[in-house]
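The block underneath contains the structure these notes are about, expressed in structure tokens.
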Amino acid sequence: MMYITIGDRRVGPDYPPLVIAEIGINHEGSLKTAKQMVDAAAKAGAEVVKHQTHIVEDEMADAAKKVIPGNADVSIYEIMERCALTEEEEIELKNYVEEKGMIFISTPFSRAAADRLERMGVAAYKIGSGECNNYPLIEHIAKFGKPVILSTGMNDVESVKKAVAILERYCIPYALLHCTNIYPTKPEYERLGAMTQLQQAFPNAVIGLSDHSLNNNACLAATALGASILERHFTDSKYRPGPDIICSMDGVELASLIQSSKEIFMMRGGKKQALEEEQVTIDFAFATVVTIDDIAEGEEYTMKNVWVKRPGTGEIKAVDFDSILGKKASRSLKKGTQLRWEDIQ
């Protein structure tokens, strides 16, 4: 089975899902707040904390000052300008995450942001849905030779193929995340079938879900369908300001997602057959053939003198009941006797 390695964590179908807590820009540009969110993520048991790296002048043209996102009331330029951390602050945040025993990754939204993260020595890169078809940026990041987690929201399979071709050309280990870029995402817009479609279209990829809904249901359902990565926005408090807070999980939800996804991972796969561990239940739950009347030697077995009853400890199982009808008893039997094969002539 395919897997990628981020830090010392293997990620793939044979391993419990990797839950990514994305603090993103929920800190609103405050390093202090960002650290408080890291503390909450660590307490909840997170393995990976994801940031967003914004260097606004390299990321956006002036036209962005007139573009207002659907989940905000000011321009995207103003939001990112307000929320961006300096390089020194981001280095301090990365060190803080790692001091807590977690892995720091980030999404670069420009070439300069990618270069900053490379200077910082990140273990992997997350590429957002908006950059899934930004092939020049994807190639720039691929040249670093590190694993890539690529969100594929707002793109179709043909568009994703072009991005994957770049990653494969540079021999980059990669994961593809299905995503719906509506904040928050209504259940009917989740389309987890698209995640399954990605699994089929890209058999060499690790597959997961980047979710923007209001609870853990989509991530848990995705786990059952085979997701190896689960990403949600994260905050230490849902009462903080910020455009992504509405679709962010808090510490309680994060801890629940980590635990529940591990359990669902253990439920996946298997075959439709009895387990050895079920034998103790089989012994009392299954039925075997029993005499329901006294039977004389040489008497024919009929529906009037034999039937199937619990427990399942008898020798002749219910599935063989029809095969003994019409045959004769090899010895006399008392009512209530569990039949054995030697009791049949």
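Throughout, residue positions are numbered sequentially from 1 according to the sequence presented.
Salt-bridge formation is detected for the pair Lys65/Asp62: a Lys NZ or Arg NE/NH1/NH2 atom is positioned less than 4.0 Å from an Asp or Glu carboxylate oxygen. With respect to the salt-bridge test (charged N to carboxylate O, under 4.0 angstrom), the residues Glu92 and Lys35 qualify. A salt bridge links Glu22 with Lys50; the closest basic N to acidic carboxylate O contact falls under 4.0 Å. Between Lys327 and Glu300 no salt bridge is recorded (no basic side-chain N to carboxylate O distance below 4.0 Å). Ion pairing between a basic and an acidic side chain is recognised when a charged N comes within 4.0 Å of a carboxylate O; Glu98 and Lys94 show such pairing. At a threshold of 4.0 Å, the pair Arg240-Glu28 does not count as salt-bridged, since none of the basic side-chain nitrogens sits closer than that to a carboxylate oxygen. Between Arg331 and Asp343 there is a salt bridge, since at least one side-chain N of the basic residue sits less than 4.0 Å from a carboxylate O of the acidic one. Glu297 and Lys328 are not joined by a salt bridge, as no carboxylate oxygen comes within less than 4.0 angstrom of a charged side-chain nitrogen.
Atoms CG and CG, on Asn155 and Asn133 in that order, are 4.5 Å from each other to the nearest 0.5 Å. Of the inter-residue distances, the one linking Ile264 atom CD1 with Cys219 atom SG reads 10.0 Å to the nearest 0.5 angstrom. In this structure, CG in Asp236 is found 12.0 Å from CG in Leu254, a value given to the nearest 0.5 Å. How far OG of Ser228 is from CD1 of Ile207: 8.0 Å, rounded to the nearest 0.5 Å. With rounding to the nearest 0.5 Å, the separation of CG in Asn134 from OG in Ser110 is 10.0 Å. With values rounded to the nearest 0.5 angstrom, Thr291 atom OG1 is found 14.5 Å from Trp307 atom CH2.
Environment of NZ in Lys146: crowded, with over 12 heavy atoms of neighbouring residues, nucleotides or ligands closer than 6.0 Å. For Arg9, the CZ atom counts as densely surrounded, since its 6.0 Å shell holds more than 12 non-hydrogen atoms of other residues, nucleotides or ligands. Heavy-atom neighbours of Tyr15 OH from other residues, nucleotides or ligands within 6.0 Å: above the threshold of 12. In the displayed structure, Lys317 atom NZ is contacted under 6.0 Å by more than 12 heavy atoms of other residues, nucleotides or ligands. The environment of NZ in Lys309 is sparse: at most 12 heavy-atom neighbours from other residues, nucleotides or ligands sit within 6.0 Å. Within a 6.0 Å sphere centred on CZ of Phe286, other residues, nucleotides and ligands contribute 12 heavy atoms or fewer. At most 12 heavy atoms of other shown residues, nucleotides or ligands fall within 6.0 angstrom of atom CD in Glu276. The local environment of CG in Asn204 is crowded, with over 12 non-hydrogen atoms from other residues, nucleotides or ligands closer than 6.0 Å.
A single hydrophobic cluster is not seen to contain both Val252 and Met249; linkage of ILVMFWY side chains at heavy-atom distances under 4.5 Å, directly or through other members, places them apart. There is no path of hydrophobic side-chain contacts, each under 4.5 Å, that joins Phe144 to Ile55. Hydrophobic clustering (ILVMFWY, side-chain heavy atoms < 4.5 Å, transitive): Val160 and Ile149 are in distinct clusters. Hydrophobic cluster membership differs between Ile127 and Leu18, with clusters built from Ile, Leu, Val, Met, Phe, Trp and Tyr side chains linked at under 4.5 angstrom. Hydrophobic clustering of Ile, Leu, Val, Met, Phe, Trp and Tyr side chains at less than 4.5 Å, counting indirect connections, keeps Ile229 apart from Val148.
Side-chain polar atoms of Glu190 and Thr180 form no donor-acceptor pair below 3.5 angstrom. Between the side chains of Asn181 and Tyr183, at least one donor N or O sits under 3.5 Å from an acceptor N or O. Ser210 and Glu231 are linked by a side-chain donor-acceptor pair at a separation below 3.5 angstrom, with hydrogens and angles left out of the test. In this structure, a donor-acceptor pair under 3.5 Å is present between the side chains of Asp115 and His140.
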*Would you check, one step at a time, whether the test side chain to side chain contact (heavy atoms under 4.5 Å, CB included) holds for Glu253 with Asn216?*
CA-CA 7 Å; Glu253 291 170 310; Asn216 287 334; 4.1 Å; yes
*asked:* The test is side chain to side chain contact (heavy atoms under 4.5 Å, CB included); show your working for Val122 and Ile105 and say whether it passes.
replied: CA-CA 6 Å; Val122 293; Ile105 64 173; 5.6 Å; no
*asked:* Between Arg340 and Ile316, is the side chain to side chain contact (heavy atoms under 4.5 Å, CB included) condition met? List the steps.
replied: CA-CA 6 Å; Arg340 296 177 296 178; Ile316 303 179; 5.7 Å; no
_Worked check of side chain to side chain contact (heavy atoms under 4.5 Å, CB included) between Phe109 and Thr107_ = CA-CA 6 Å; Phe109 286 83; Thr107 301; 3.5 Å; yes
*Check against side chain to side chain donor-acceptor pair (under 3.5 Å), Ser106 and Thr53*: CA-CA 6 Å; Ser106 187; Thr53 304; 2.7 Å; yes
*Would you please test Glu87 and Arg119 for salt bridge (Lys or Arg N to Asp or Glu O under 4.0 Å) and show each step?*
CA-CA 10 Å; Glu87 183 166 353; Arg119 289 194 298 272; 2.9 Å; yes
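When all heavy atoms are compared, the tightest approach of Ala227 to Pro17 is O-CG, 3.8 Å. Contact record, Ile6 with Ala123: CG2-CB, 4.4 Å, taken as the closest heavy-atom pair. Minimum heavy-atom separation, Arg111 to Leu137: N-CD1, 3.7 Å.
For the pair Gln197 (side chain) and Ala194 (backbone), a donor-acceptor distance under 3.5 Å is absent.
Membership of the apolar cluster around Met266 extends to Phe265, as traced through chained side-chain contacts below 4.5 Å between ILVMFWY residues.
Leu339 has its side chain out of reach of Glu315: every pair of non-hydrogen atoms, C-beta onward, lies at least 4.5 Å apart. Side-chain contact check for Met195 versus Leu225: some heavy-atom pair is nearer than 4.5 Å.
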Please tabulate, for the side chains in residues 161-168, all donor-acceptor contacts under 3.5 angstrom to protein atoms that are two or more places apart in sequence or on a different chain.
{"from": "Lys161", "atom 1": "NZ", "to": "Glu158", "atom 2": "OE2", "distance (Å)": "3.2"}
{"from": "Glu168", "atom 1": "OE2", "to": "Tyr174", "atom 2": "OH", "distance (Å)": "2.7"}

